[in-house]
Amino acid sequence: MTTTEPSPAVHARPPLRVARERFLAGRPLPDGVPEEVLAAWRRARFFGVPHDLKEPAADPPRPTESALLGAARPVLERIAPALGAGHCVLLLTDARLRVLWTSGSTPGLAPCPGLSEQEVGHNSAALALRSRRRAEVHGPEHFLDVWQDVSAVSVPVLAPKSGQALGTLTVASRLCGGHPPHPQAALVEAAAAAVEAALLARAGRPEQVLLDAYSRAARGESRAVAALDGRNRLISAAAERLATPQVLRVLERTAMAARHTDAPAIAELPEGAGCSARIDLVRQEGAVVGIVAVLEPRDETTPRPRPRPLPCLTGSSLPWRYAVERAAELARSPEPVLLTGERGTGKTALARELLGPGDLQLIDAAEHGDLERDLAHWAAGSPLLLRHAERLTQPAVATLNSLLDTHPDARLLITHTPGTPPGPCLQRLLDKLAARTVVLPSLRERTEDIRELLSALAPRPAPGSPPLTWTLDALRALEQHPWPGNVTELAHVVQALAEHRRASGPVRRAELPDTVREGPAARPLSPMEHAERAAILETLHRHGGNKSRAAAALGIGRATLYRKLREYEG
């Protein structure tokens, strides 16, 4: 039996219209207004949603391809004609309620980029995502004027294995009479079930990703390679001769643990195993789906030394040393390596060190050159550093995928900064290189390296001048700052201080930039709050800490300034 989030408006539309008009005018409300509807209106007002929001002038840009959209599009394109032209709108959103796909039209419902309550107020998609069941919203329950004659029913779309809410399906139409359910409720539920079935059918793809990773690692019969995901096991003939049942059990446990934790996978083989195991994680769309283990015979009397970190890269913290050692180990074999991490974490610097001082070709996707031509003319035997893979065009990624299919042993280092969801071609590249991917830690994950980095990043002082030094208070502020720009941001701060400070002696906390000097906020802030906080601190600094002058310069009252400062502190 289907459960539905009830719709009070179906039973009380005329009084509810009056109540909404009084709410918007700030007048007392009549009795009997459903509490959940009143709470929804209050949330919309708190979010600053204008009730008279105008219809968008043109179709909004859509998010890029995703697994949900890929599974849902064939289903929705078959169902859409059943809605009838000019009567209903069918919408698919993701888990952030961004509209991914839409079909049909109905009076009063224009194209909309998103259905979050922060953008448009109360609606059935937001209610279905929150309640995780079918939800209906009718007429005056909506906060927006343009939706007063619209009825909508939404159903959440759940991941077939984890049960995670991936998005919603919605049918919107002219205002319905009678009682729930909405006339198209059965259709939207059937559509959601069909999309979930399509997702389940695609859920077998991790096995294919694991097989591809195994095939790349096991080139040639002499390599001892095992690929495992906790359910499936692929073992080369050489690995069968080398691995004992105890070794395979350890690898199975390692594979299961790797799928449920972000920690580096390490297989502690039993004593006397006669081999060591190098573990590579296999990822699909960012999630670990298994491992590839390369087994090597070992003389127990001669322990295998750990690879040494590259000497030119500053940092001794455990996360940084692990990333550098792992990258150096992967770079020893003539195969592509992917370096990924936040912007400014040192991906390019590490790549240059790994490729060494010889001649190398550099292609930067951010510079928008003729990437397809450059890649097509690249001699696969020569080293190549490809920067900003996330900026590659689809044709360029297709060319690169084709090159790697024909030259799997290419001497290639790729840097990638995660951000927007990758397109299908780029996702194929990321999946292909998942087993040879190194994630560089952010600076906030290796704050113990900051003091070393300060010395390395400071420019060489002029003859007779002392080097740049720091007070303990300044060092504490630097170590507490979240550094969203990572080492690159820290380098800019150090360079600016070295060039422009006039005082002598160590750098004091008061000389640091406002956002660093004031320390992080006591609670997580939204991007808008971060920008507002930075503007307030900069204005206060410009006016010598005078809050009255700062408030006047910002165009807000002094009481508002005090309140915002208190909010950011607690």
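Note that the structure is predicted; figures quoted are calculated from it, not measured.
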Inset, instruction - Determine which pairs satisfy salt bridge (Lys or Arg N to Asp or Glu O under 4.0 Å) with at least one residue from residues 423-432, sequence neighbours left out, and list them in order. - result: Arg205-Asp431, Asp405-Arg428, Asp405-Lys432

Inset, instruction - Would you confirm whether Trp41, through its side chain, and Glu141, through its main-chain N or O, come within 3.5 Å as a donor-acceptor pair? - result: yes

Inset, instruction - Would you give the length of the straight line joining atom CG of Leu426 to atom CG of Leu392, rounded to the nearest 0.5 angstrom? - result: 7.0 Å

Legend entry - Gap between atom CG of Asn123 and atom CG of Leu97 - 0.5 Å precision: 7.0 Å

Legend entry - Distance-only donor-acceptor check, side chains Glu342 and Thr345, under 3.5 Å: no

Inset, instruction - Keeping to residues at least two apart or across chains, list the salt bridge (Lys or Arg N to Asp or Glu O under 4.0 Å) pairs with something in residues 37-49. - result: Glu35-Arg42, Arg43-Glu117

Legend entry - Rounded distance [0.5 Å steps], CD in Glu119 versus CZ in Arg98: 10.0 Å

Inset, instruction - Would you check if Val49 and Leu144 make a side-chain contact, meaning some heavy-atom pair closer than 4.5 Å? - result: yes

Legend entry - Qualifying side chain to side chain donor-acceptor pair (under 3.5 Å) pairs with a residue from residues 20-34, counting only residues at least two apart or across chains: Arg20-Asp145

Legend entry - Check: Thr340 and Val438 side chains under 4.5 Å, non-hydrogen atoms: no

Inset, instruction - For Val99 and Leu115, run side-chain contact (heavy atoms from CB on, under 4.5 Å): C-alpha distance rounded to whole Å, both residues' side-chain angles, the deciding distance at 0.1 Å, then the answer. - result: CA-CA 7 Å; Val99 175; Leu115 295 176; 4.3 Å; yes

Inset, instruction - Determine, stepwise, if the pair Val146 / His51 fulfils side-chain contact (heavy atoms from CB on, under 4.5 Å). - result: CA-CA 9 Å; Val146 295; His51 68 88; over 6 Å; no

Inset, instruction - Please report the C-alpha distance between Leu169 and Val157 in whole Å, then the side-chain angles of each, then the deciding distance to 0.1 Å, and finally whether the side-chain contact (heavy atoms from CB on, under 4.5 Å) criterion is met. - result: CA-CA 7 Å; Leu169 270 177; Val157 179; 4.2 Å; yes

Legend entry - Leu228 side, atom CG; Thr254 side, atom OG1 - distance, nearest 0.5 Å: 9.0 Å

Inset, instruction - Under the side-chain contact (heavy atoms from CB on, under 4.5 Å) rule, what do Val337 and Leu412 come out as? Steps first, then yes or no, please. - result: CA-CA 6 Å; Val337 176; Leu412 170 64; over 6 Å; no

Legend entry - Sub-4.5 Å side-chain heavy-atom contact between Glu489 and Pro484: yes

Legend entry - Closest approach of Cys425 to Asn401 (non-hydrogen atoms, all atoms of both residues): O-ND2, 3.2 Å

Legend entry - Under the side-chain hydrogen bond (donor to acceptor under 3.5 Å, both in side chains) test, residues paired with Gln148 that sit two or more places apart: none

Inset, instruction - Return the minimal non-hydrogen interatomic distance between Leu29 and Phe23, and the atom names on each side. - result: CD2-N, 3.5 Å

Legend entry - Residue pairs fulfilling salt bridge (Lys or Arg N to Asp or Glu O under 4.0 Å) with at least one residue in residues 191-200, sequence neighbours excluded: none

Legend entry - Min side-chain heavy-atom separation Thr560-Arg563 under 4.5 Å: yes

Inset, instruction - Tell me yes or no: between the side chains of Arg387 and Thr348, is some donor less than 3.5 Å from an acceptor? - result: yes

Inset, instruction - Output yes when a side-chain donor or acceptor of Asp149 lies under 3.5 Å from a complementary backbone atom of Leu175, and no otherwise. - result: no

Inset, instruction - Locate the shortest heavy-atom distance separating Lys547 from Leu561; write the atom from each residue and the value. - result: O-CD2, 3.3 Å

Inset, instruction - Any chance you could measure Leu90, atom CG, to Ser173, atom OG, to the nearest 0.5 Å? - result: 12.0 Å

Inset, instruction - For the residue pair Leu92 and Leu68, establish whether any side-chain heavy-atom pair is separated by less than 4.5 Å. - result: yes

Inset, instruction - For Ser154, check side-chain hydrogen bond (donor to acceptor under 3.5 Å, both in side chains) against everything at least two apart and list the hits. - result: Ser124, Thr170

Legend entry - Other residues, nucleotides, ligands: >12 heavy atoms within 6.0 Å of Arg96 CZ: no

Legend entry - Flag, side chain of Asn486 to backbone of Thr488, donor-acceptor distance under 3.5 Å: no

Inset, instruction - Kindly indicate whether the side chain of Lys347, heavy atoms from C-beta on, has any atom under 4.5 Å from the side chain of Thr417. - result: yes

Inset, instruction - Answer yes or no: is there a side-chain heavy-atom contact under 4.5 Å between Val153 and Val137? - result: no

Legend entry - Contact check, side chains of Arg436 and Leu338, non-hydrogen atoms, under 4.5 Å: no

Legend entry - Test item: His388 side-chain N/O and Glu390 main-chain N/O as donor-acceptor pair under 3.5 Å: no

Inset, instruction - Could you tell me whether the side chains of His138 and Glu136 share a donor-acceptor contact shorter than 3.5 Å? - result: yes

Inset, instruction - Look up atom CG in Leu443 and atom CH2 in Trp483, then write down how far apart they are to the nearest 0.5 Å. - result: 7.5 Å

Inset, instruction - Would you confirm whether Thr437, through its side chain, and Leu433, through its main-chain N or O, come within 3.5 Å as a donor-acceptor pair? - result: yes

